[in-house]
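First up is the structure itself, then whatever we jot down about it.
So that the names make sense, note that chain A is the first sequence line, chain B the second, and so on, each numbered from 1. As the structure is a computational prediction, the values presented were derived from the model and not from experiment.
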Amino acid sequence: MEFLDGLNQNQRESVINMDGPMMVIAGAGAGKTRVLTYKIAYLMSKNIDPFNILALTFTNKAAREMKDRIAKLVGDNDAKNVTMGTFHAVFSRILRHHANVIGYPTNFTIYDTQDTKSLLKTIIRELGLDDKIYKPSLVYGRISSAKNNLISAAQYEINAEIVSEDRMSGKPQLFQIYKHYESRCFKAGAMDFDDLLFKTNLLFRDFPQILNQYQHKFKYILVDEYQDTNYSQYLIVKKLAALHENLCVVGDDAQSIYAFRGANIENILNFKRDYPDFKLFKLEQNYRSTKTIVDAANSVISNNKNQIQKDVWTSNDQGNKIKVHRSLTDNEEGKVIANSIFDSKQAKGLDYSSFAILYRTNAQSRPFEEALRKLGLPYKIYGGTSFYQRKEVKDLIAYFRLIANPNDEEALKRVINYPKRGIGNSSMDEITITANRNGVGLWDVISDFSTYPVSINAGAQAKIKGFVSMLQSFSIRLDETSGYDLAQEVAKSSGILKELYDDKSPEGVSRYENIQGLLSGIKEFSMSAEEDSINTLSDFLMDVALLTDADKEKEEDKDKITLMTIHAAKGLEFPFVYIVGMEENLFPSQMVLNSREELEEERRLFYVALTRAEQSCTLSYAVNRFKWGNLQRSEPSRFIEEIDEIHLSFEASATEIGGGRSLNARAFNKGIPSSQSSITSKPNLRPIGSSKPKANNSDLSSSLKVGHNVVHEQFGKGKVIQISGDAPDKKAVIFFPSSGQKTLLLRFAKLEIID
DNA sequence: GGAGCTTCAATTTTT
DNA sequence: TTGAAGCTCC
């Protein structure tokens, strides 16, 4: 087994341990993916049929990379037969296969976040509720977390705890919304992201023979990023592995950054309970980063209380210190980083792809884009409005969806009057009323006016009929026409192509190009079909809902600077990493400052960011930042101070210190320039000119008294039990019936005093 | 029915 | 600042 030679002792042991339940806890850069790929290759070398292996990842990208790496070890053919993909992708396929038994059409639609929110909004309005109180995104979060815990609408309604939480937060009708949402999705033949896992659980629960079939198929199951799985995923894995118990999960609790969306670190603990005789392997040697970076990351993560004991170390060089750069404004931050990349590239002759700029939120990308563009540096940007989220792309895809599944009402509403064909709101209102009165869907009405008469004028009716018959003519050919051919015809007949072609504005041109891009993507997809079969448009649709920007890597994007959120960077590595926007209320985000758990997650996010860097890492913050229109002062992130000072070197921008020199920590400490900073035991991280953080809740802070009843945005009503500390760090202990006792910093907590 | 104007709200992360 | 949603006027 010569390919095992490249592994260290621990890695090798975890690879050759074939049977039984096992867990690999792997520090950042310790070769987690390596172990997984080698393990799969090793299984095959021991004559395990690739058809019997299931490998679940968190992102499509991870799956693809793993597949490529396995192919290098065992060859394309065998690699191809391993079932590998994200939870969502793998189980959406399985669901398609058995859709009929749970009452769904084979061509069920997958609603993305936009579709879901839009449907929720419709429902909220139909129920006569105020969408300022029942904000669609909030409602979505609530329903999503219910689904991830396998709570159906019916169970939601009778769950005393949940119902009381909703009542406390002033949203007693949430269960109604959930109920309607559930049935509307079902009628539309649509599943949202959470449904893909939820319904898989139902399928396996209610149809044991189907579960059994997959239990036999998947003799070996591997799960990557186990710390990011939610309860729903956990249960799927547990059920599938129940027969053979050849289950290998790999993860790192320190990199758990998706608790906000239901990931449950308990799953690691559950594992010990479910499989008491499991084997535990730890990979602690980091091969990626310099000593400085590894040590800095360790010192940051040690601030977290909740973690599994691990000792991550490296035998790599010490490397350079981590630079901490202060800029005056966010625009300057952009320029500074762009210049730094320019200089480093010149000096060291590196590729652009060696550099990454990582930020907390997508909205931060703009100054960097501008600065890079000015210097003529090529970059690629992930996230934000992804290609598949663009209006024009979604519009065309909506036609496809409607052809595959006419009951898909979100798609229908999107395109029935786009391009403009004279079917306006008043017609749609009439149709909706008729549909509701008869308890049928919109499509039922518009495809059969004789059964469902609608009081709209003949002209509009004729236009609708034309639209319907166009779609029907495509639907008939869906299964025997190649996806590309059909897609092209749809783009033409629908009028979308012409509409965009006629728009000669720069945006219009780019929209047209995006449609062409989508079509050529479909072309590629259609041509990748196996012999004797065709890839149809419904096959394409099956994949497309689960694709993100990161999955659309183009050849010409290879040598470019990477801009992405830290979340998106998970699992990646770069020689030079810039972590920008290192400011309080941005990173850590102000949304997480209410609880220790959330702050710890944010810290793990910073840990992930740091450990992306191989050779060099720069932290950067701006003293002033534009936030919806006006300039706001900000303070350096607390996370900077959590790094042991000996790993840091401080510098400020030329404009700020006047001399164009960069400062080392000592000079910085000595107060050069003396007028601007005072000598402290710690490097002075306070922005110039600002003393203490401003208490933006000063009135509240002084007037709040023990015994007050208050309302909190998230926790609902509560009573103040204790007040401690002085402004601006004044804290209150508040008891919330919905979520227990919380200690809140008054300067951050958005509280309202009731009495 | 639709274009164009004004207002208003929002800003966390993603399958 | 941006984008969506609502409103007015044709």
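- If you measure from atom CD of A/Glu602 to atom C1' of B/dT13, you get 8 Å, rounded to the nearest angstrom.
- One atom, CG of A/Asp131, and another, C1' of B/dA9, lie 12 Å apart when rounded to the nearest Å.
- A close approach under 4.0 Å does occur between a side-chain nitrogen or oxygen of A/Asn417 and OP1 or OP2 of B/dG2.
- Atom OH of A/Tyr104 has more than 12 heavy atoms from other residues, nucleotides or ligands within 6.0 Å.
- For A/His567, the side-chain atoms get nearest to B/dT14 when compared with the rest of B/dT15, B/dT14, B/dA10.
- Aromatic rings of A/His97 and A/Tyr214 (six-membered ring for Trp) have centroids beyond the 6.0 Å cut-off, not under it.
- A gap of 16 Å separates the P atoms of C/dA4 and B/dT13, to the nearest Å.
- When the side-chain nitrogen and oxygen atoms of A/Lys570 are compared with OP1 and OP2 of B/dT13, none of them lie within a distance under 4.0 Å.
- At the heavy-atom level, A/Phe58 lies under 4.0 Å from the strands shown only through sugar-phosphate atoms.
- Ring planes of A/Tyr359 and A/Phe368: parallel class, angle under 30° (limits at 30 and 60°).
- No N or O donor and acceptor, one from the side chain of A/Arg366 and one from the base of C/dT1, sit under 3.5 Å apart.
- Using a 4.0 Å heavy-atom criterion, one finds that A/Phe626 contacts no nucleic acid atom at all.
- One finds no side-chain N or O of A/Thr565 lying less than 4.0 angstrom from the OP1 or OP2 phosphate oxygen of B/dT12.
- In this structure, a donor-acceptor pair under 3.5 Å is absent between the side chains of A/Ser256 and A/Gln227.
- Closest to the side chain of A/Phe193, out of C/dA5, B/dT15, B/dG2, is B/dT15.
- A/Lys32 has a carboxylate O that lies under 4.0 Å from a charged side-chain N of A/Asp224, or vice versa, which qualifies the two as a salt bridge.
- Rounding to whole angstrom units, CZ of residue A/Arg390 and P of C/dA4 are separated by 13 Å.
- C/dT1 atom C1' lies 12 Å from atom CD of A/Glu370, rounded to whole Å.
- The nucleotide whose nearest atom lies closest to any side-chain atom of A/Lys132 is, among B/dT15, B/dA9, B/dT12, B/dA9.
- Atom NZ of A/Lys67 sits in a crowded spot, with more than 12 heavy atoms from other residues, nucleotides or ligands closer than 6.0 Å.
- A/Lys121 places its NZ atom 11 Å from the P atom of C/dA4, with the value rounded to the nearest Å.
- Using a 4.0 Å heavy-atom criterion, one finds that A/Thr113 contacts the bases of the nucleic acid, with or without backbone contacts as well.
- With B/dT13, B/dT15, B/dG2 as the candidates, the nucleotide lying closest to the side chain of A/Arg261 is B/dT15.
- OP1 and OP2 of B/dT12 both lie 4.0 Å or more from every side-chain N or O belonging to A/Asn362.
- In terms of position along DNA chain B, the nucleotide closest to A/Val592 lies nearer the 5' end than the nucleotide closest to the other residue of the pair A/His88 and A/Val592.
- Protein atom CG of A/Asp330 is 13 Å distant from nucleotide atom P of C/dT2, rounded to whole Å.
- Judged by ring centres under 5.5 Å apart and planes tilted less than 30 degrees, A/Phe260 stacks against the six-membered base ring of B/dT13.
- In this structure, A/Lys391 places its NZ atom 10 Å from P of C/dA4, rounding to the nearest Å.
- At whole-Å resolution of the value, NZ in A/Lys117 and P in C/dA4 are 13 Å apart.
- Within the 4.0 Å cut-off from OP1 or OP2 of C/dA5, not a single side-chain nitrogen or oxygen of A/Arg125 is found.
- Heavy atoms of A/Lys420 sit under 4.0 angstrom from primed sugar atoms or phosphate atoms, though from no base atom.
- In terms of position on DNA chain B, the residue among A/Ser589 and A/Ala89 whose nearest nucleotide sits closer to the 5' end is A/Ser589.
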